[in-house]
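Before any comments, here is the structure.
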Amino acid sequence: MRLGGCVWALLLFCLWPLLLLLTVYPLARTACRKAHQVFPGHAYPRVVDPFMKRVQDARAWAALVASGLILVAYGAEQTFSDLQEQYFLRITTTPWLLLLTAPLVVLVVFRLAPPAARPGMRSGLAFSGRAALRYFGAFTAVPLLFVGVVFVNAEYTSSVTIGPLLMLGMLAPVIWALFFVVFASLTLVPSVFGISRVHSGLPALITGVLVWELAAVNLAASGLPPGPLPVQLCAVLGGPASVTAVAHWELKRLRTHYGVTFRAPAARGPHAPNDPA
């Protein structure tokens with residue numbers, strides 16, 4: 001049975017989500033495999049205290065509920081669009097803030113550590129540094145590839161045949177690189193590029209500093225949240241203050257329960273499996 005051009009156009013219009021899935025899924029699968037190969041999870045362990053993990057989860061759920069109540073009570077249509085912009089801003093700025101913040105915090109901890117512990121800390125720092133450079137190389141490649149696609153597409157807009165085909169062909173590396181960064185982030189960002197190899201208390205310390213930087217960026221970009229002034233202050237300061245309190249509590253538990261201090265050897269914390277620290 002022969003189908004006319006209108007029928008084929010209708011089928012493509014109805015089935016394009018399936019065709020898009022069939023095209024994107026292989027890219028996502030290969031990018032995930034490559035990300036796990038370059039950044040294996042066992043090489044970037046997280047210092048895990050089960051009790052503190054429950055406290056962190058409870059704080060995160062409480063913050064989510066509080067944000068939802070504020071939006072429902074005082075939000076508007078523009079507020080929800082601003083929330084999407086803030087989410088995108090946080091995704092794009094967090095890795096760069098980590099790149100700028102982590103070396104400064106590590107330098108302070110390195111100066112506080114005794115001389116006998118510094119050689120081991122240097123080896124862990126070199127490992128985390130190499131991981132950060134590879135990650136940010138891939139992270140930077142995504143917008144550069146996209147700009148290249150836009151430039152090439154602009155050059156070939158006069159050709160009806162070559163332009164769309166070339167555009168689709170060049171978008172494949174961009175999508176693959178984006179998936180690679182996403183899957184690599186699931187391993188590297190929670191472990192702060194395996195910084196627990198340097199010192200078991202560094203993830204909590206860096207988190208306590210990073211959350212205030214993110215709050216300042218959100219405030220500068222989006223302004224105060226909706227609601228009366230007391231609600232605005234609680235919304236702006238409550239999240240960073242609660243994260244800092246949990247991070248301080250975690251550092252205290254590391255000191256009291258596991259003997260981890262910043263003026264003593266670092267490898268005494270509760271470790272994940274295969275944690276070289």
Quick one: pull up [atom1] in [X] and [atom2] in [Y] and give me the separation to the nearest 0.5 Å.
X	Y	atom1	atom2	value
Trp176	Cys32	CH2	SG	11.0 Å
Leu145	Leu178	CG	CG	10.5 Å
Leu237	Thr244	CG	OG1	10.5 Å
Ile195	Leu188	CD1	CG	11.5 Å
Thr207	Gln56	OG1	CD	8.0 Å
Leu219	Leu214	CG	CG	12.5 Å

Tell me the closest heavy-atom pair linking [X] and [Y], and the distance in Å.
X	Y	result
Ala35	Ala184	CB-N, 3.9 Å
Ala31	Phe179	CB-CB, 3.6 Å
Gly239	Ser242	O-OG, 2.8 Å
Ala247	Ala204	CB-O, 3.4 Å
Thr187	Phe39	CG2-O, 3.8 Å

Please answer: with hydrophobic residues joined when any side-chain heavy atoms are less than 4.5 Å apart, are [X] and [Y] in the same cluster?
X	Y	value
Phe193	Leu100	no
Val236	Val246	no
Leu251	Val106	yes
Phe110	Val105	yes
Leu186	Val181	yes

Practice problem: Determine, stepwise, if the pair Val55 / Arg59 fulfils side chain to side chain contact (heavy atoms under 4.5 Å, CB included). | Solution: CA-CA 6 Å; Val55 173; Arg59 192 221 68 85; 5.5 Å; no
Exercise. For side chain to side chain contact (heavy atoms under 4.5 Å, CB included), just list the numbers for Phe180 and Phe139, CA-CA rounded to whole Å, side-chain angles, deciding distance to a tenth of an Å, and then say yes or no.
Key: CA-CA 9 Å; Phe180 178 85; Phe139 189 87; over 6 Å; no
Quiz item: Quick one: side chain to side chain donor-acceptor pair (under 3.5 Å) partners of Thr140, sequence neighbours excluded?
Solution: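 None.
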Quiz item: When you look at Phe183 and Arg33, which way does the side chain to side chain contact (heavy atoms under 4.5 Å, CB included) test go after all the steps?
Solution: CA-CA 9 Å; Phe183 289 114; Arg33 186 184 300 115; over 6 Å; no
Practice problem: Report the relative orientation of the aromatic rings in Trp96 and Phe136; use parallel for angles under 30°, tilted for 30 to 60°, perpendicular for over 60°. | Solution: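 The rings of Trp96 and Phe136 sit tilted, inter-plane angle from 30° to 60°.
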Practice problem: Begin with the C-alpha distance, continue with both residues' side-chain angles, and end with the deciding distance and a verdict on side chain to side chain contact (heavy atoms under 4.5 Å, CB included) for Lys34 and Val38. | Solution: CA-CA 6 Å; Lys34 189 63 177 179; Val38 177; 3.9 Å; yes
Self-check item: Donor-acceptor pair, side chain of Thr101 and main chain of Leu98, under 3.5 angstrom
Solution: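 Side chain of Thr101 to backbone of Leu98: no pair is present.
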